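One structure is given below, encoded as structure tokens.
Fair warning: this is a prediction, and the values are worked out from it, not measured in the lab.
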Amino acid sequence: MIKKLLASVREFRRDAVLTPLFVVLEVVMEVLIPKVMALLIDKGIDAGDMAAIWKYGIILIACAMLALLFGVLAGVFAARASTGFARNLRHDMYYAVQDFSFSNIDKFSTGSIITRLTTDVTNVQNSFQMCTRVAVRCPVMLVFSLVMAFSINSRLALVFLGVLPILAVGLGVLMKLVAPVFERVFRTYDRMNTVVQENVRGIRVVKAYVREAHETEKFKGVSGLLYKEFSKAQKTMAGAMPLMQFCMYACMLLLSWFGARLIVGGGMTTGDLTSLFSYAMQILMSLMMVAMVFVMITMSKASAERIAELLDEQPDLHDPAQPVTAVPSGDIVFEHVSFSYKGDEHKLALRDVDLHIKAGQTVGILGGTGAAKSTLVQLIPRLYDVTGGSVKVGGVDVRDYAVETLREEVAMVLQKNVLFSGTIKENLRWGNENASDEELVRACKLAQADEFIRQMPNQYDTYIEQGGANVSGGQKQRLCIARALLKKPKILILDDSTSAVDTKTDALIRRAFAEEIPDTTKLIIAQRVSSVQEADQIVILDGGCVQAVGTHDELLAGNAIYREIYEQQTRKGGAA
């Protein structure tokens, strides 16, 4: 896990190496300062030697200035290394998510991915900076200070060795208690992000149903749980400070008692005792900083595992060794296709599907809720891989194509239409980034979107809010259809993407398809018979199986399911 995370340091490796180097130099200067101060007291002040006072005073100032310089350099390199590491880590995670297939994405909630990219990366970044500075500084300071203390008076320095085990055991117990609490905290963060995201995205529904109080209570519950868990962790870690103070004061008292007796007996100078007090502070503060490092590492351990989990997730869709890089036609063949979202042959969403769709045909797909209509068409651009059988486009198994090549030739308007924040032009050019303004207008005319765009204040330069919040459902659908048309695909899939437009507009869109893109294979998932009754063939899905295939007249005459749907809709006054 650590090796995988450290791979994101990359071009900041030099900064990461220089940081501990300057930290060590800073510590050396700080450790020398008490020793020089002892010499200043003993050989200068107590001896009344002004020359010695000047000599050791200048050395003291030089050590302090060098310590400051090395500290600043360590801070600069540490900041550069840690922020660069965090930037690369977010980059690697984001790009990993971009390569995920739908089945990979299904394993992680949106809130969880956001938490990993934000809070978790920040925790790991802080831990990385601590490891390159504090985690290096503390052990080095501890060892050097102990060496200097023993060089001054080995018997008196034994006081430190008596106190260290008490502090170490106490901190170890605290770490063990707090580690599982932090793991629960980050799972709660996931839940809170999900609650916030759902509320903000669905705020219109919340207000329409007057559910603000319910949503507030839901957020209050998860926020309260987060507060409770964090409070528990902080209360546990609060024990570190009293333990630290106990050990510090115990050291001071013991050093004062035994040091005073040694001074009176002539076994120690005042300068030596003063320097021992300084080394005592350095040793105990080092241990305290070690405790802080342990807390940060404990917090970031859970975050690091969650980040590594995302980075370790392998896309289950791969290009073959020698991929096909051209789609010859929009011909589609399903050969005994079975599919399960979990890869379980006993829990199939599609069962033994056999279909042959010729290039340029218009095919309607009807079926009840849960009939696996969307699942069927998602196999064509290889958003998922089949569990059994094969799907062929242009006579080639979709698994033999380069994924990018295949998807460039398949335009899909999903059931949940998505527009991104930006102008209408910017959204449309997702279909073809090099499309001219004339091509944009033409695509919008085919999708019956040009008229309402012209009525907007800035027309094609109108800004679309996040999620398309400032356009209606029907307008959003038509913009998404226009975006798909700009790809000039060999296969166009409309997944119930005209459900929010009126029947007249729906008919105009279908007529434009027939006249303007006759060679494009068109698959239309619909709830209205009127949307597909002019199709070359209509597929009836029921329970993940193809129940019937035929034209409108053939199915009306020979299929009970289709006839029932048709009669229900015509009784309501036509295709309503």
Side chain to side chain contact (heavy atoms under 4.5 Å, CB included) between Tyr463 and Asn458, worked out: CA-CA 8 Å; Tyr463 190 84; Asn458 297 316; over 6 Å; no
Arg382 vs Val391, side chain to side chain contact (heavy atoms under 4.5 Å, CB included): CA-CA, chis, key distance, verdict: CA-CA 9 Å; Arg382 206 185 168 202; Val391 178; over 6 Å; no
Qualifying ring-ring contact (aromatic ring centres under 6.0 Å, His included) pairs, either residue in residues 522-542, two or more places apart: none
Side-chain touch Cys444/Ile453, heavy atoms, less than 4.5 angstrom: yes
Test side chain to side chain contact (heavy atoms under 4.5 Å, CB included) applied to His336 and Asp354, step by step: CA-CA 5 Å; His336 302 288; Asp354 270 312; 3.1 Å; yes
Check: Asp397 main-chain N/O paired with Ser390 side-chain donor or acceptor under 3.5 Å: no
Enumerate, atom names and distances included, each donor-acceptor pair closer than 3.5 Å involving a side-chain atom of residues 542-557, sequence neighbours excluded.
unit_1, atom_1, unit_2, atom_2, d
Gln547, OE1, Asn559, ND2, 2.5
Thr551, OG1, Glu554, N, 3.3
His552, ND1, Tyr562, OH, 2.5
Glu554, OE1, Thr551, N, 3.0

Heavy-atom pair with the smallest gap, counting every atom of Ser338 and Asp352: OG-N, 3.3 Å
Backbone of Leu492 reached by a side-chain donor or acceptor of Lys487 within 3.5 Å: no
Non-hydrogen side-chain atoms of Phe452 and Leu479 separated by less than 4.5 Å: yes
Verdict with supporting geometry, Glu534 and Arg511, salt bridge (charged side-chain N to carboxylate O under 4.0 Å, His left out): CA-CA 10 Å; Glu534 296 175 3; Arg511 184 187 303 165; over 6 Å; no
Side-chain donor/acceptor of Arg407 to backbone N/O of Pro381, under 3.5 Å: yes
Pro489 versus Ala411, closest heavy-atom pair with distance: CG-CB, 3.5 Å
Any Glu409 side-chain heavy atom under 4.5 Å of Ile491 side chain: no
Any donor-acceptor pair under 3.5 Å from Asp319 side chain to Val403 backbone: yes
Contact summary for Leu541 and Ala371, nearest pair of heavy atoms: O-CB, 3.6 Å
Exam field: side chain Arg483 to backbone Trp430, donor-acceptor pair closer than 3.5 Å: no
Distance in Å, Leu406 CG paired with Thr325 OG1, rounded so as to fall on 0.5 Å steps: 12.0 Å
Interatomic spacing from CZ in Arg10 to CG in Asn88 - rounded to 0.5 Å: 4.0 Å
All side chain to side chain donor-acceptor pair (under 3.5 Å) counterparts of Asn427, not counting sequence neighbours: none
Value rounded to 0.5 Å, distance of CD in Gln361 from CG in Leu523: 9.5 Å
Derivation and outcome, salt bridge (charged side-chain N to carboxylate O under 4.0 Å, His left out), residues Asp331 and Lys392: CA-CA 8 Å; Asp331 186 83; Lys392 295 181 179 179; over 6 Å; no
Contact check, side chains of Asp536 and Lys522, non-hydrogen atoms, under 4.5 Å: no
4.5 Å side-chain heavy-atom contact, Leu379 and Val398: no
Nearest non-hydrogen partners of Met93 and Ile307, listed with the distance: SD-CG2, 3.7 Å
Heavy-atom neighbours of Glu404 CD exceed 12 at 6.0 Å: no
Atom of Phe128, atom of Ala16 and distance for their closest heavy-atom approach: CZ-CB, 4.1 Å
Summary of salt bridge (Lys or Arg N to Asp or Glu O under 4.0 Å) pairs that have at least one residue in residues 441-459, sequence neighbours excluded: Arg442-Glu516, Asp450-Arg454
Closest contact, heavy atoms only, Gly330 versus Thr521: O-OG1, 2.8 Å
Side-chain touch Ile525/Leu376, heavy atoms, less than 4.5 angstrom: no
Separation between CD1 of Ile365 and CG of Leu494, rounded to the nearest 0.5 Å: 10.5 Å
Rounded distance [0.5 Å steps], CD1 in Ile380 versus CD1 in Ile332: 4.0 Å
Heavy-atom side-chain contact between Ile424 and Met456 under 4.5 Å: yes
Distance in Å, Thr362 OG1 paired with Ile538 CD1, rounded so as to fall on 0.5 Å steps: 11.0 Å
Which donor-acceptor pairs under 3.5 Å do side chains of residues 220-227 form with protein atoms, sequence neighbours excluded?
none

Pairwise side-chain contact, Met412 with Leu383, heavy-atom cut-off 4.5 Å (strictly under): yes
Derivation and outcome, side chain to side chain contact (heavy atoms under 4.5 Å, CB included), residues Val324 and Thr405: CA-CA 8 Å; Val324 178; Thr405 298; over 6 Å; no
ring-ring contact (aromatic ring centres under 6.0 Å, His included) pairs, two or more places apart, involving residues 348-381: none
Salt bridge present between Arg429 and Asp437 (N-O < 4.0 angstrom): yes
Plane angle bin for Tyr341 and Tyr384 - parallel if under 30°, tilted between 30 and 60°, otherwise perpendicular: perpendicular
